[in-house]
Number of protein chains: 2
Amino acid sequence: MEHQLTPSYRPLYQQIKEALLTRIVSGDWPPGTFIPSESALSKEYGVSVGTLRKALDALAHENVVIRYQGKGTVVATHDTDRSLFQFFHLVGLNGERSLPISRVLIRQRRAARSEEASVLGLAAGEEVVHIRRVRELDDRPALLEDLVVSAIRFAGLEREPEPLPNTLYQLYQQRFGQSVAQAEERLFAVAAGPQDQRYLSVSPGMPLLEIRRIAKDLQGNPLEYRVSRCETQHHCYLNQL
Amino acid sequence: MEHQLTPSYRPLYQQIKEALLTRIVSGDWPPGTFIPSESALSKEYGVSVGTLRKALDALAHENVVIRYQGKGTVVATHDTDRSLFQFFHLVGLNGERSLPISRVLIRQRRAARSEEASVLGLAAGEEVVHIRRVRELDDRPALLEDLVVSAIRFAGLEREPEPLPNTLYQLYQQRFGQSVAQAEERLFAVAAGPQDQRYLSVSPGMPLLEIRRIAKDLQGNPLEYRVSRCETQHHCYLNQL
DNA sequence: GAGTGGTCTAGACCACATC
DNA sequence: ATGTGGTCTAGACCACTCT
């Protein structure tokens, strides 16, 4: 009879899942801490262990939480191997993964460009922190990266002491309480420009892989906009379907 | 005491899952058919419904099977939208998806090249069927595709009547009983060559996105090796993380 | 031994599709 | 009305970790 967009019925375990997620997002349980046991939580929420387990399993499947048999359930951090490679898809031609080394070229606070503002959901002219860096793989410059984040949500990022960790998402989480949970990447093939030639030492017009990533927090709000240009002579982008 | 690589303990629901998968792979339940209900299967295997459900849920999560509340569980086919877009990641610049139209340029049976043989796990000199086609998106040539499959597993593919469906995996499944379940794609940026210029009508040296896909069957054996070159002025490759 | 998550069971009830 | 998958419960037992 009524017009309702949300289904009239909402499974209990989903409600529990959202309640738990809220407590994680709010900082009640910071990343790296063990949350109460299944039985404790099931009593607290007045549901059966099975239902609570289903909620936790869903969160584990979304990489919000990691379960360890015999130990407990911990809020995910970005310093675990597993979590690291969720967002890093560049591998060697033989499929081997290695960790990049970063060198920061630019770090400044400035007004957002229109594309950046629309992607990040900022008002026109709002400020962002812009970081440009080169990332080396196997002692060879492989990636030229430009990224912007809201200067309000990441207040002081432009003054963070060097060196910045090369896994920036860890810094976002520890210093600013912002957890990157999901992302969408759009890939293009582009010709190398002057900046690319200089920092990636490629010849002019060389085809590069351009990766435009929008990183989002636990609730799906955009956190970071990142454009990476990558040379694909020695590496490639690997996607498992 | 003993050295055993496989964990001594093997959950019941995993054994059930493998048993069901075997029956699907063997052609006992062809794609598109409804398999027996949960209660029927739980009786057949002598396990509780909950355990059987966990096995089916795992298969559903791997896109082997699709569950419909109130109707039943059906073996996945490649003619469903859901399954279609598992492997097709090209979208318009605004994120909208449209279905490509294909035109076959080459269809021949020939000896495998060394790279193809090693990727597909064939002996040197074994025969493959090679298909080259152009795929159009929104009335514009967007993709130049070369793919090879074993001429033994796909005996007669080179003589299949035109037109070939543009969703080839559907044909693989219906005519040859081969289901593509997973794939890995490696992405590169390359410069357009003579063939690309001709069929994609791009200028020489234009950067193109090259996608090298290895498609695998339900057991993980390579089925098809496909190299696609794509123009990224009007489309891009979208990946959700 | 005590506590955690992982598996398995049996049964009740709900939402959905079909007849 | 019947049958299907989806949710929820309560309880038993197993495997793992730590003390």
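First the proteins, then the strands, lettered A, B, ... as listed; each starts at 1. These figures come from a predicted structure and were not determined experimentally.
A:Ser37 has no side-chain polar atom (N or O) that falls below the 4.0 Å cut-off from OP1 or OP2 of C:dG3. For A:Thr73, a side-chain nitrogen or oxygen approaches OP1 or OP2 of C:dG5 to under 4.0 Å.
Not a single salt bridge (Lys or Arg N to Asp or Glu O under 4.0 Å) links B:Glu96 to another residue, sequence neighbours left out. Listed by chain and number, the residues in a ring-ring contact (aromatic ring centres under 6.0 Å, His included) with A:Tyr172 are A:Phe154, A:Tyr169 (sequence neighbours excluded). The salt bridge (Lys or Arg N to Asp or Glu O under 4.0 Å) check on B:Glu38 picks up B:Arg53, B:Arg67, with sequence neighbours excluded. A:Glu160 is linked by a salt bridge (Lys or Arg N to Asp or Glu O under 4.0 Å) to A:Arg175, counting only residues two or more places apart in sequence or in another chain.
Each salt bridge (charged side-chain N to carboxylate O under 4.0 Å, His left out) pair with one or both residues in residues 19-29 of chain A, not counting sequence neighbours, appears once here: A:Arg23-A:Asp28, A:Arg23-A:Glu44.
The CZ-P distance, from A:Phe34 to C:dG3, rounds to 17 Å in whole Å.
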Point to revise | Per-nucleotide protein contact string for nucleotides 6-19 of chain D, where B marks a base within reach and S marks sugar-phosphate only (heavy atoms under 4.0 Å, - for neither) | key: BBSB-----BBSS-
